[in-house]
Amino acid sequence: MFYIGITLLVLLVGALLVLMTKEKNSRVIGLASSGLALLLIIAMFASASLSINPIQNENYGLYITPFNIHLQFQINIFSLILTLMSAIVAFTAILGGDVELSNTKGKTFLLLLFELSAIALFSSTNLFLFYIFFDFGVIIAFFMIYLYGGANKRRASLKFIAYEFSSSMLLLIAIILLYTSAHTFNINLIIQNINSINSSTQIIIFTLLLIAFMINMPIFPFHSWLPDAYTEAPTQGSMILGGILSKFGGYGLLLTFLMLPISHTYNIQVILLILGIISTFYAAFVLMSRHDLKRIIAYSAIIEMGIVLVGIASLTKIGFDGALIVLFAQGVTIALMFIIAGSIEKVFEERDTRFLRGVIKSTLSDAYSFTIGIFALGGIPLSIGFIGDLLIFTGALNSFSIFGIIPLFALLIGILFLYYINSKSILNTYGEISKSINSVKIEQKLSYAILIFTLFFFGIFPFLFTNFFKFLI
Amino acid sequence: MLYLLVAIPMIIAAFLSIILYNFPKLPKYIALAGSLISLMIAILIFIEGHSDIIQTFNWFSIDNITASLSFAVYPINMIALLIVAGMTPLIILYSFGFMRMPTEQGRFYFEISIFAASMMIFVISYSLIAMFIAWEMLGIMSYLLIGFWYWKENVPKAAQKAISMVFIGDILFLIGIIIIGLTYGNFNISSLYSLPFYPQVSIALILILFAAFSKGAQFPFTEWLPDAMEGPTPVSAYLHSSTMVKAGIILIAVILPIYSAYNLLWLILIIGFISAIIGATNALTTKHIKKVLAYSTIEDIGLMFIALGLNNIFAAIMLFVAQTFYKALLFLDSGAIMKANDDREDIYKIYGASQNKLIYISLIFGVLSLASIFPLSGFFGKAVIISTSSGISYLLLILIEILSSFYIFRWFFVIIRKDGDDELYRAINYKSTSKLMLLPIFILTLLIIFASILYFYIPHYIGISTTINTNIPIYELIISTVIAIIAIYFTYLIFYKHKLVIKESYKWYKPLYNIFNNNIFINSFYLYTALFFEWIAGIFLGIEISIDKFLSKIGHSILSFNNFIRRIENGQINTYALSFILGILFLIIIIYIFY
């Protein structure tokens with residue numbers, strides 16, 4: 001079946017149609033296109049769940065002859081889980097994310113293109129396409145911030161593009177190095193022939209890829225772009241940045257460790273663990289002294305990414321699986337948190353938690369969805385984040401003994417602070433409360449419902465994911 | 001999975017009440033119906049008798065680790081299940097009269113039904129992962145229920161405090177089950193019993209123990225429970241009698257033989273004593289009508305942990321049963337009294353609980369049961385613990401009993417006072433107390449009296465070994481009666497006859513009062529921890545900002561270099577000419593040097 005090809009085609013056609021129509025029709029076309037894409041991805045997921053071997057290739061012929069690059073997509077464990085996440089996040093972003101109600105046409109166009117690049121990236125089988133769609137996504141996200149962002153959009157978008165372009169430059173160098181030594185861009189072939197590359201080259205490639213993906217994820221020393229970009233982006237931009245773009249790096253890091261067995265050494269594991277611990281605690285503590293709701297959520301994303309890094313660094317199968325699940329869970333949760341934050345900003349015209357009071361009085365759905373978002377971020381059981389945390393820390397405990405558990409305490413600090421914010425600003429109507437200026441639209445509530453349903457559906461039925469994991473390449 | 005049926009009516013009721021949010025009359029009946037069906041199923045399970053079958057459902061498995069949800073019914077959790085299922089309809093019935101506002105109906109019955117369902121699931125589950133699911137559900141539902149009246153001043157803070165303590169416990173529990181899962185490859189309790197012993201499992205057991213302490217509001221985590229009194233009274237009654245705080249007891253009781261095998265009972269004993277003394281002393285000084293009972297709950301749970309630490313499972317279960325009834329009763333009574341007293345909370349401003357005869361009589365029974373007077377059920381619970389202990393722990397238990405007699409009779413005599421001169425007294429109104437609130441109180445009074453029979457029944461039912469002490473020597477009876485009579489005499493004299501209000505300004509009294517009031521040490525410990533974290537957060541913010549500044553400095557320096565270069569192209573012909581000549585000269589020199 002050609003699920004991915006059809007999905008990409010649907011999104012491309014949708015994007016072009018959005019460009020051609022008027023402002024008011026653009027949202028309907030975007031919704032139809034991304035909804036169709038979501039249905040196709042769900043169909044793909046369902047058929048993969050039912051079939052004996054979910055891994056399938058979709059080949060659309062030779063793309064660039066001299067380099068032997070095929071336009072080929074693969075349905076595998078990564079693409080099944082991560083494309084599902086991208087489709088859900090992008091669909092809800094188009095459905096209810098446009099809280100600002102401005103520039104709908106342009107934003108919808110960019111969102112559809114971004115969804116296209118994300119789905120293509122997560123299912124591409126060769127590094128050439130991976131690189132192309134990586135850059136494509138970055139550029140779209142840049143325009144999202146630069147054109148439709150908040151007050152400091154220029155500074156934030158330039159910072160973003162500076163970081164992300166250095167990331168993709170390093171990625172490009174690494175890919176060229178890999179091609180010159182392995183003579184192929186195909187990931188599966190690289191995995192088969194990796195022993196023909198000498199080890200010093202492998203170390204260089206690994207270092208380049210590691211730094212590139214650490215910038216994108218992001219991990220501590222390279223995280224500086226994230227709070228600004230997430231904060232200044234429009235709501236839909238924050239949703240796709242937090243929900244999808246940062247997963248490029250996580251997915252890339254998983255691929256790196258699968259491709260390059262040279263990285264499976266104890267020293268690298270320990271370095272990554274230390275980086276993960278620093279990153280999580282750093283983000284947790286900086287989060288405590290921030291007041292901007294969107295910025296707080298942005299730092300919580302860094303905590304989660306540090307946990308993903310620890311899961312990958314454990315180099316156990318269970319840790320990898322956990323990292324993949326946390327990527328899914330965190331993408332959906334962050335999208336939920338950002339859409340609520342955008343809605344709160346629209347309703348109260350206030351995002352500063354020092355002045356925000358009594359959200360529950362005006363918007364019950366915002367308040368309770370935010371609370372559920374905190375629960376999901378903290379990984380309560382029956383939400384998918386719990387399975388991810390459980391697996392990651394089982395892997396980490398296996399590899400690092402009790403030191404692997406340490407990031408959990410950073411998560412604890414972050415979540416306790418979020419509860420504090422929740423009790424102070426959201427579920428609290430004592431005293432003077434913020435005046436509500438606008439109301440929450442039904443589409444937004446529908447978006448919350450879809451995202452929350454996704455979190456808990458897969459949390460209650462985690463075997464839908466874990467059954468695939470025996471096919472991990 | 002069949003045992004899960006007991007929780008399903010409550011879950012259905014919960015979702016029905018949230019769907020019927022716009023019909024505020026319906027949710028209470030739905031919740032009551034659900035809880036009655038749950039009770040019926042629980043009784044059916046009881047009648048069928050326990051079998052050794054563990055019903056297992058393979059949730060997911062990865063690599064060589066299998067997570068399965070197992071459910072089983074065996075004597076200990078059968079008793080707990082009956083208590084939970086039996087208490088739920090009573091609490092919901094009481095809420096009929098207590099929760100009157102139409103806007104809060106759907107939300108309240110949703111939350112309390114999910115809360116009840118998760119407690120039932122917790123009780124019947126027999127694998128750590130199933131327990132953990134219910135455990136965290138209990139935590140978040142208690143967060144929502146304590147914060148139910150979010151328009152009151154202290155409520156959001158109290159809810160946050162509760163979830164913070166409980167969440168710390170959850171993380172400890174999670175680490176514990178991760179260690180166990182990694183050691184055995186599954187999360188089943190039965191695998192814990194398997195040999196050989198692993199050293200890392202003892203760490204996991206300690207972590208799980210502290211998780212149980214956090215739910216049971218024991219020593220390092222005592223403070224959330226008194227603050228949780230900000231929630232609605234039915235919630236307090238439910239939280240303190242059969243759910244939430246008892247979850248830790250059930251968890252430890254189920255795996256007690258493992259703690260015994262790993263030699264960890266001393267830890268349970270020590271923390272139990274510390275918490276019981278904290279609870280009893282603070283209950284003496286508190287003036288808030290429900291907080292006295294809350295500290296008393298900390299003491300009771302501490303006593304149960306002491307019983308577990310003495311490896312006497314029977315004593316723990318007996319007190320578990322007895323405490324459920326008298327604590328629920330006292331809470332329901334105090335809710336009704338507060339309603340009649342215009343929602344005042346200070347006991348010195350509350351009068352005339354004796355006006356309503358049913359409340360008065362039920363209060364007497366509840367208080368006497370708490371003060372362990374023969375033949376009420378509370379006596380059997382506490383006396384077995386005391387008679388099991390010896391040496392220093394015996395003396396401490398007697399001390400705790402003296403303290404608890406004093407605080408509960410003080411509480412009792414203060415709230416039944418009559419004072420014709422006070423205008424607050426003349427304003428009280430017991431006439432409007434709902435009959436629906438009195439029915440559960442009546443049932444609980446009967447239960448307090450007749451639960452004593454269980455003392456003769458439970459040992460056979462749970463089939464304990466003969467090494468466990470179940471006897472109560474006759475002098476125990478005399479000691480507890482004498483203590484109670486002395487306490488009654490003095491408290492009657494001070495608080496009822498002379499209507500003395502102990503002022504904080506009494507000089508001799510003040511230092512002692514400060515130590516035992518409101519848990520000052522533990523509270524300030526958490527305060528300073530929070531301040532310390534805030535200080536660290538400030539440092540990290542400084543680092544973050546300086547990183548940001550450093551980066552923009554790099555950006556600016558590149559920009560200024562660009563400006564410098566740009567100066568060459570300023571459009572003035574003489575500058576171009578000058579640089580042209582300089583370039584030529586430079587070239588000539590280079591050529592001259594190298595050739």
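Note on naming: letters A, B, ... go to the chains in the order of the sequence lines (proteins, then strands), and numbering restarts at 1 for each one.
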Just so I understand: if I count every heavy-atom pair under 4.5 Å between each of [options] and chain B, which residue has the most?
{"options": "Ile318(A), Leu158(A), Leu464(A)", "answer": "Ile318(A)"}
{"options": "Leu287(A), Ile460(A), Leu411(A)", "answer": "Ile460(A)"}
{"options": "Asp228(A), Asp389(A), Leu382(A)", "answer": "Leu382(A)"}
{"options": "Phe417(A), Phe409(A), Tyr430(A), Phe393(A)", "answer": "Tyr430(A)"}
{"options": "Phe461(A), Tyr420(A), Phe465(A)", "answer": "Tyr420(A)"}

Please report whether the ring centroid of Phe285(A) lies less than 6.0 Å from that of Phe533(B).
yes
Is any side-chain heavy atom of [Y] closer than 4.5 Å to one of [X]?
{"X": "Lys159(A)", "Y": "Asp548(B)", "result": "yes"}
{"X": "Leu390(A)", "Y": "Phe132(B)", "result": "no"}
{"X": "Pro227(A)", "Y": "Glu544(B)", "result": "yes"}
{"X": "Ser164(B)", "Y": "Leu416(A)", "result": "yes"}
{"X": "Leu541(B)", "Y": "Met288(A)", "result": "no"}

Checking heavy atoms, do the side chain of Leu144(B), its backbone, both or neither come under 4.5 Å from chain A?
side chain
Below 4.5 Å from any heavy atom of chain A, which atoms of Ile539(B) appear? Answer side chain, backbone, both or neither.
neither
With a cut-off of 6.0 Å (strictly less than), are more than 12 heavy atoms of other residues, nucleotides or ligands near [atom1] of [X]?
{"X": "Trp535(B)", "atom1": "CH2", "answer": "no"}
{"X": "Lys424(A)", "atom1": "NZ", "answer": "yes"}
{"X": "Tyr526(B)", "atom1": "OH", "answer": "yes"}

Of the non-hydrogen atoms in [X] and [Y], which two are nearest, and what is the gap between them?
{"X": "Gln160(B)", "Y": "Ser423(A)", "result": "CB-OG, 3.1 Å"}
{"X": "Pro381(A)", "Y": "Met137(B)", "result": "O-CE, 3.5 Å"}
{"X": "Ala537(B)", "Y": "Ser289(A)", "result": "O-OG, 3.4 Å"}

Just checking heavy atoms, which of residues 367-375 of chain A are less than 4.5 Å from chain B?
Tyr368(A), Thr371(A), Phe375(A)
Considering the options Tyr299(A), Tyr282(A), Phe281(A), which one meets the ring-ring contact (aromatic ring centres under 6.0 Å, His included) requirement together with Phe540(B)?
Tyr282(A)
Can you list everything that forms a side chain to side chain donor-acceptor pair (under 3.5 Å) with Trp225(A)? Sequence neighbours excluded, please.
none
Below 4.5 Å from any heavy atom of chain B, which atoms of [X] appear? Answer side chain, backbone, both or neither.
{"X": "Ile433(A)", "value": "neither"}
{"X": "Leu364(A)", "value": "side chain"}
{"X": "Ile380(A)", "value": "both"}

Does Phe220(A) form a side chain to side chain contact (heavy atoms under 4.5 Å, CB included) with Ile547(B)? I'd like the steps, not just the answer.
CA-CA 11 Å; Phe220(A) 164 59; Ile547(B) 288 178; 4.2 Å; yes
Taking the inter-plane angle between the rings of Phe57(B) and Phe463(A) on a 0 to 90° scale, is it parallel (under 30°), tilted (30 to 60°) or perpendicular (over 60°)?
perpendicular
Among Ile163(B), Ile177(B), Asn64(B), Asn58(B), who wins on heavy-atom pairs under 4.5 Å with chain A?
Ile163(B)
With chain A as the partner, which of Ile65(B), Val155(B), Ile178(B) has the greatest number of non-hydrogen pairs under 4.5 Å?
Ile178(B)
Could you list the donor-acceptor pairs under 3.5 angstrom formed between side-chain atoms of residues 167-176 of chain B and any protein atom two or more places apart in sequence or on another chain?
| unit_1 | atom_1 | unit_2 | atom_2 | d |
| --- | --- | --- | --- | --- |
| Asp170(B) | OD1 | Trp135(B) | NE1 | 3.0 |

Pairs meeting criterion salt bridge (Lys or Arg N to Asp or Glu O under 4.0 Å) with involvement of residues 148-162 of chain B, two or more places apart
Lys161(B)-Asp227(B)
Between CD1 of Ile426(A) and OH of Tyr150(B), what distance do you get to the nearest 0.5 Å?
12.5 Å
